[in-house]
2 protein chains.
Amino acid sequence: MPNRSLALSEMACADCPIRHRAVCARCESDELEKLDAIKYYRRFEAGQTIAWAGDKMDFVASVVEGVASLTQTMEDGRRQMVGLLLPSDFLGRPNRESVSYDVTAATDVMLCCFRRVPFQGLIEETPHLSQRLLEMTLDELDAAREWMLLLGRKTAREKIASFLSIIARRDASLKNAKNATELAFDLPLTREAMADYLGLTLETVSRQMSALKRDGVIELKGKRHIIVPDVEALMDETGDDADGGVYI
Amino acid sequence: MPNRSLALSEMACADCPIRHRAVCARCESDELEKLDAIKYYRRFEAGQTIAWAGDKMDFVASVVEGVASLTQTMEDGRRQMVGLLLPSDFLGRPNRESVSYDVTAATDVMLCCFRRVPFQGLIEETPHLSQRLLEMTLDELDAAREWMLLLGRKTAREKIASFLSIIARRDASLKNAKNATELAFDLPLTREAMADYLGLTLETVSRQMSALKRDGVIELKGKRHIIVPDVEALMDETGDDADGGVYI
DNA sequence: TTCGACATTTGATCTCGATCAAATACAGTC
DNA sequence: GACTGTATTTGATCGAGATCAAATGTCGAA
């Protein structure tokens with residue numbers, strides 16, 4: 001995820017404590033003012049629904065804090081998560097009035113929202129904005145394709161290991177931790193949400209977590225806090241090749 | 001897929017027989033000339049590899065004819081298709097030197113290629129080009145998310161029915177056929193490639209095809225030609241809600 | 001027309017993850 | 001601290017799809 005850390009460093013930019021540099025890396029100050037004019041913050045509690053599939057959504061947003069998920073549901077209740085949004089990720093589609101997926105706060109979430117219609121206008125008059133959104137969308141497409149490999153071909157154990165390593169990696173980049181052999185982080189999802197992410201049942205998720213713990217690949221402090229004593233060992237369980245499948 | 005038919009009508013535009021209007025809906029003639037200057041055509045035979053994962057690719061392209069696939073492979077040989085490109089679809093990433101997936105010609109394919117580096121320059125100086133690419137990429141992301149639901153939660157039978165209806169729909173839009181109750185089309189993929197698309201084995205694909213035929217949902221003429229006597233009946237097998245899950 | 005190389009179908013069996021069921025842990029709240 | 005509701009773990013069993021194996025098209029080349 002080459003642009004992820006870039007987006008984060010931009011977010012840390014002193015000129016822009018309100019982190020919408022995530023969507024606007026190269027904005028001049030007058031453009032930032034225009035963004036400021038159409039922006040507002042919203043906070044959601046863990047478990048709260050941000051928007052239902054089919055709802056009109058009159059804003060797009062940048063995730064500032066917390067984790068949100070996009071989920072599809074079939075009539076009979078089968079659910080599949082199709083997007084997991086972490087800080088600096090973008091939510092919404094400028095061109096589209098209504099959402100296609102249920103958007104839910106997995107943890108407490110803070111969004112930096114931009115009113116949709118004027119934001120769309122801003123895109124049209126600010127070339128690098130659409131270029132930035134294109135980059136972010138392409139990264140998201142790459143992530144979706146990794147995810148498709150996971151859903152279509154990986155075993156339950158590989159799915160869990162892959163999920164843990166994805167979260168660990170993003171968490172480490174949020175904290176700017178690098179090259180540590182040991183990693184520790186909190187799971188942002190319940191076992192049920194993990195199951196929806198991975199195309200499994202929550203029982204299978206629980207069993208495989210227990211198995212990884214039994215085999216010493218992970219340690220659990222409480223239900224949500226994970227310690228990975230040896231990152232390499234976890235990577236070996238993912239089924240991915242050593243370099244994580246990332247080509248430069 | 002709201003932009004699909006738009007792209008196609010643009011492709012048919014008399015001013016632009018060389019169908020790159022697929023990537024450039026609103027280009028003025030001087031911009032078209034710049035595109036012309038960096039474009040060339042390449043033809044690939046069915047089964048031929050267009051690029052291996054990790055290869056440098058010095059062009060991006062628009063699919064003019066035929067079908068190409070993007071596939072990920074694990075070390076032990078498990079394969080998952082992660083992209084299926086039909087006429088008017090875009091191939092490649094302007095910003096990235098090398099491909100992340102194996103790109104293969106599923107049928108005979110004709111590409112309209114643009115040299116990558118100058119194309120990237122063109123994007124930067126032509127705002128609506130990146131807006132157009134953003135739209136196309138967002139549509140592709142939507143398709144990837146539908147696909148994730150299929151991979152994670154659908155039964156083998158639902159997967160096959162969904163795949164057939166996806167191909168039927170795109171084929172119908174290519175031929176500008178509308179509202180027919182009966183549909184007929186050729187499968188662009190082998191059973192093995194279908195299995196890679198659907199996260200199944202080729203045996204399961206074959207069995208479910210036979211089952212759908214036995215149950216009168218489809219008819220087969222030869223191995224590749226499909227007749228759908230009742231489109232509604234096929235839709236009922238997909239597990240999707242009646243409107244195809246598309247929110248307007 | 002026959003041969004050979006594939007693609008596809010069909011059959012028999014096995015296995016991983018789903019399903020059904022129950023026990024346990026845990027965080028609030030009174 | 002006891003109680004309640006929810007999240008998680010663990011157990012027992014089942015079944016859809018994988019795997020292994022063989023038969024059956026099918027199409028082009030000789």
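Numbers restart at 1 for each chain; the letters A, B, ... are given by sequence-line order, proteins then strands.
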What's the closest nucleotide to the side chain of Glu203(A) if the choices are dT8(C), dT19(C), dG11(C)? dT19(C)
Can you tell me which nucleotide in dT8(C), dT9(D), dT8(D) comes closest to the side chain of Arg224(A)? dT8(D)
Scan residues 203-218 of chain B for pairs that pass salt bridge (Lys or Arg N to Asp or Glu O under 4.0 Å), counting only residues two or more places apart or in two chains. Arg157(B)-Asp215(B)
Hey, does the side chain of [X] reach the backbone of [Y] with a donor-acceptor pair shorter than 3.5 angstrom?
X	Y	value
Asp102(B)	Ala53(B)	yes
Glu158(B)	Thr155(B)	yes
Thr238(A)	Asp240(A)	yes
Arg145(A)	Gln72(B)	no

Is any side-chain nitrogen or oxygen of Ser206(A) closer than 4.0 Å to OP1 or OP2 of dT10(D)? no
What is the distance, rounded to the nearest whole Å, between atom [atom1] of [X] and atom [atom2] of [N]?
X	N	atom1	atom2	value
Leu189(B)	dT8(C)	CG	C1'	15 Å
Leu212(B)	dT9(C)	CG	P	12 Å
Lys221(A)	dA25(C)	NZ	C1'	16 Å
Lys159(A)	dA18(C)	NZ	C1'	12 Å
Leu187(B)	dT9(C)	CG	P	10 Å
Arg153(A)	dA18(D)	CZ	C1'	10 Å
Leu198(B)	dA18(D)	CG	P	10 Å
Leu220(A)	dA7(D)	CG	P	18 Å

Check Asp196(B) with Arg153(A), please: is the shortest side-chain N to carboxylate O separation under 4.0 Å?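 So Arg153(A) pairs with Asp196(B) through a salt bridge.
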Any N or O donor-acceptor pair under 3.5 Å from the base of dT19(D) to the side chain of Arg207(B)?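 When only heavy-atom distances are counted, Arg207(B) does reach the base of dT19(D) through a donor-acceptor pair under 3.5 Å.
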Would you kindly check whether a donor in the side chain of Arg214(B) faces an acceptor in the base of dT10(C), or vice versa, at under 3.5 angstrom?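 In this structure, the two groups form no donor-acceptor pair.
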For the [atom1] atom on [X], are there more than 12 heavy atoms of other groups (residues, nucleotides or ligands in this structure) within a distance under 6.0 Å?
X	atom1	value
Glu232(A)	CD	no
Glu75(B)	CD	yes
Arg79(B)	CZ	no

Got a list of protein N/O to nucleotides 27-29 of chain C N/O distances below 3.5 Å?
none

Matching residue for Ile167(B) among Leu189(B), Leu84(B), Leu183(B) - test: side-chain contact (heavy atoms from CB on, under 4.5 Å):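 Passing option: Leu84(B).
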With axes from five pairs an end, tell me the bend angle of the helix from dT1(C)-dA30(D) to dC30(C)-dG1(D), nearest 10°. 30°
Only counting residues at least two apart or in another chain, list the ones meeting side-chain contact (heavy atoms from CB on, under 4.5 Å) with Thr107(A). Val67(A), Val109(A), Pro188(A)
N/O-N/O pairs, protein side and nucleotides 14-17 of chain D side, under 3.5 Å:
{"unit_1": "dG17(D)", "atom_1": "OP1", "unit_2": "Ala156(B)", "atom_2": "N", "d": "2.8"}

Review item, nucleotides 24-29 of chain D N/O atoms under 3.5 Å of protein N/O:
none

Could you check whether Tyr197(A) and Phe163(A) have their ring centres less than 6.0 Å apart? yes
Distance-only donor-acceptor check, side chains Ser165(A) and Ser162(A), under 3.5 Å: no
Are Ile160(A) and Leu212(A) packed together at the side-chain level, in the sense that at least one heavy-atom pair is separated by less than 4.5 angstrom?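 Side chain of Ile160(A) against side chain of Leu212(A), heavy atoms only: contact under 4.5 Å found.
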